[in-house]
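Worth knowing before you read on, the calculation uses all heavy atoms, side chains too, and leaves out hydrogens, waters and symmetry mates.
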Amino acid sequence: MKFGVIRFPGSCDEVDALLACERFGEAELLWHADRDLRGADAVVIPGGFSYGDYLRAGAIARFSPVMEAVREFALGGGPVLGICNGFQVLCEAGLLPGALLPNTSLRFVCRQVDLLVENPNTPFTRACEEGDRLSVPVKHTTGRYYAPEPALHELEADGQVLLRYAEGQNPNGSARDIAGVSNSQKNVFGLMPHPEHAVDRLTGSADGGKLFESIVAHVEALAPA
């Protein structure tokens with residue numbers, strides 16, 4: 001099982017994401033100019049400031065050559081995880097619904113938050129139970145999830161809201177306390193909190209590891225016997 005972690009100019013969390021992936025499988029950094037995923041079984045688009053967040057967070061990264069390979073991989077059912085800036089990139093690329101807007105406070109937030117698992121029946125949450133409470137840090141200025149009300153109804157009805165901020169924990173004003181959503185096929189998932197920073201109890205929580213553990217279990221379950 002091999003993760004591919006994409007590095008864009010300006011990324012700053014790709015090494016932490018790589019180290020987190022290596023706790024659960026093999027992992028390799030991919031460059032934004034790459035045109036293939038070098039045999040990765042799962043793709044992680046990490047947090048950071050791709051291309052300096054010029055124009056708008058994720059707006060330039062979506063045009064990177066590697067994103068064409070990511071799109072083909074996702075359309076073929078491959079698991080793709082976008083974290084913070086990665087979530088923004090996936091929304092900009094049209095691989096996830098909705099958009100990320102500036103926090104209602106218009107200020108950078110950095111703190112530990114509690115998340116509730118809403119849907120454990122996905123490649124990213126299968127190591128969890130519905131209602132599990134995960135402690136994971138957030139750090140962003142543009143993390144307020146937005147979608148029109150009809151789209152939010154559809155997301156909820158289709159089980160695409162995988163993680164929600166626990167009551168009183170919403171750090172950015174996200175609609176319906178949404179912390180992470182998937183596409184309708186459930187193989188592309190984006191979240192603003194940083195699971196890669198919560199894989200070792202020495203740093204306060206290992207709860208984020210459940211997402212990486214889930215991806216590995218999903219890939220291994222699909223592997224030929």
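- Side chain of Gln160 to main chain of Ser182: a donor-acceptor pair is present (N/O by atom type, distance under 3.5 Å, no hydrogens or angles).
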Verdict with reasoning, Ser64 to Tyr51, per side chain to side chain donor-acceptor pair (under 3.5 Å):
CA-CA 10 Å; Ser64 286; Tyr51 296 90; 2.7 Å; yes
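- Not a single donor-acceptor pair under 3.5 Å links the side chain of Thr141 to the backbone N or O of Val109.
- Side-chain N or O atoms of Asn119 include one that pairs as donor or acceptor with a backbone N or O of Asn121 at under 3.5 Å.
- Taking each heavy atom of Asp53 and Gly58 in turn, the nearest pair found is OD1-N, 4.0 Å.
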Applying side chain to side chain donor-acceptor pair (under 3.5 Å) to Tyr165 and Asn172, what does each step give before you reach the verdict?
CA-CA 10 Å; Tyr165 297 111; Asn172 48 42; 3.3 Å; yes
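- A salt bridge links Arg7 and Glu14; the closest N-O separation between the charged side-chain nitrogens and carboxylate oxygens is under 4.0 Å.
- For Gly48 against Asp13, the heavy-atom pair with the smallest separation is N-OD2, 4.1 Å.
- More than 12 heavy atoms of other residues, nucleotides or ligands sit less than 6.0 Å from atom CZ of Phe108.
- In terms of modelled atom types and a separation under 3.5 Å, the side chain of Asp177 and the main chain of Asn170 share no donor-acceptor contact.
- Atom CZ of Arg201 sits in a sparse spot, with 12 or fewer heavy atoms from other residues, nucleotides or ligands closer than 6.0 Å.
- Follow the hydrophobic side-chain contacts under 4.5 Å out from Val15 and you never reach Leu202; the two are in separate clusters.
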Residue pair Glu129, Asp132: steps toward the side chain to side chain contact (heavy atoms under 4.5 Å, CB included) verdict:
CA-CA 5 Å; Glu129 299 288 339; Asp132 273 359; 3.6 Å; yes
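- Only one option out of Leu96, Leu95, Val80 pairs with Asn183 in a side-chain contact (heavy atoms from CB on, under 4.5 Å); it is Leu96.
- No path of Ile, Leu, Val, Met, Phe, Trp and Tyr side chains, each step under 4.5 Å between heavy atoms, connects Leu90 with Tyr146, placing them in separate hydrophobic clusters.
- Separation of atoms SG (Cys128) and CG (Leu211) is listed at 6.0 Å; rounding is to 0.5 Å.
- With hydrophobic clusters built from ILVMFWY side chains whose heavy atoms lie under 4.5 angstrom apart, Ile215 shares a cluster with Leu29.
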Show, in sequence, the C-alpha distance, side-chain angles and deciding distance for Val66 and Phe8, and conclude whether the side chain to side chain contact (heavy atoms under 4.5 Å, CB included) test is met.
CA-CA 10 Å; Val66 75; Phe8 298 98; 4.2 Å; yes
Could you please spell out the steps behind the side chain to side chain contact (heavy atoms under 4.5 Å, CB included) verdict for Ile6 and Val44?
CA-CA 6 Å; Ile6 297 176; Val44 176; over 6 Å; no
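- Screening Arg133, Arg164, Arg176 against Glu118 for a salt bridge (Lys or Arg N to Asp or Glu O under 4.0 Å) leaves a single residue, Arg164.
- Minimum interatomic distance between Phe212 and Gly208 (heavy atoms only, all atoms of both residues): CD1-O, 3.5 Å.
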Test Ile45 against Ile83 for side chain to side chain contact (heavy atoms under 4.5 Å, CB included), laying out the working first.
CA-CA 6 Å; Ile45 304 180; Ile83 302 168; over 6 Å; no
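- Nearest approach of Trp31 to Pro9, heavy atoms of both residues: CH2-CG, 4.1 Å.
- One finds the CG atom of Leu116 at 9.0 Å from the CG atom of Leu163 (value rounded to the nearest 0.5 Å).
- One N or O on the side chain of Asn187 and one on the backbone of Ala74 form a donor-acceptor pair closer than 3.5 Å.
- Ser214 and Ala127 make their closest contact through OG-N, 2.8 Å (heavy atoms, listed as atom of the first residue, atom of the second, distance).
- In this structure, the side chains of His194 and Cys84 come closer than 4.5 Å at one or more pairs of heavy atoms.
- When atom types are taken as modelled, the side chain of Asp207 and the backbone of Val136 share no donor-acceptor pair closer than 3.5 angstrom.
- In this structure, CD in Glu154 is found 10.0 Å from OG in Ser184, a value given to the nearest 0.5 Å.
- Both Val219 and Val188 are assigned to one and the same hydrophobic cluster, defined by single-linkage of ILVMFWY side chains at heavy-atom distances under 4.5 Å.
- Using a distance-only test at 3.5 Å, with no hydrogens or angles considered, no donor-acceptor pair links the side chain of Thr142 to the main chain of Pro102.
- Taking Phe3 as the reference, nothing meets the ring pair (Phe, Tyr, Trp, His ring centres under 6.0 Å) condition, with sequence neighbours excluded.
- No donor-acceptor distance shorter than 3.5 angstrom exists from the side chain of Gln88 to the backbone of Ala57, with no hydrogens or angles considered.
- Ring geometry, Phe124 versus Phe189: the interplanar angle falls from 30° to 60°, so the pair is classed tilted.
- If you take CD on Glu28 and CD on Glu22, they are separated by 10.5 Å, rounding to the nearest 0.5 Å.
- Between atom CG of residue Leu106 and atom CZ of residue Arg144 there is a gap of 8.0 Å, rounded to the nearest 0.5 Å.
- Residues Leu100 and Cys91 meet the side-chain proximity criterion, which asks for heavy atoms closer than 4.5 Å.
- Under the 4.5 Å side-chain criterion, counting only non-hydrogen atoms from C-beta, Met67 is in contact with Val89.
- When side chains are defined from C-beta on, Pro120 does not count as touching Arg126, because their heavy atoms never get closer than 4.5 Å.
- Annotation: side chain of Leu134 is in contact with side chain of Val117 (closest heavy-atom distance under 4.5 Å).
- Linking ILVMFWY side-chain heavy atoms closer than 4.5 Å, directly or via other members, places Val138 and Phe49 in two distinct hydrophobic clusters.
- Within the 4.5 Å cutoff, the side chain of Glu196 has no heavy atoms near those of the Pro46 side chain.
- Rounded to the nearest 0.5 angstrom, Leu115 CG and Ser135 OG are separated by 8.0 Å.
- Between Pro193 and Ala179 the shortest heavy-atom distance is CD-O, 3.7 Å.
- At most 12 heavy atoms of other shown residues, nucleotides or ligands fall within 6.0 angstrom of atom CD in Glu167.
- Put simply, the side chain of Asp158 never gets that close to the backbone of Leu155: no donor and acceptor are under 3.5 Å apart.
- In this structure, the side chains of His197 and Lys139 come closer than 4.5 Å at one or more pairs of heavy atoms.
- Here the side chain of Glu92 pairs no donor or acceptor atom with the backbone of Phe87 at under 3.5 angstrom.
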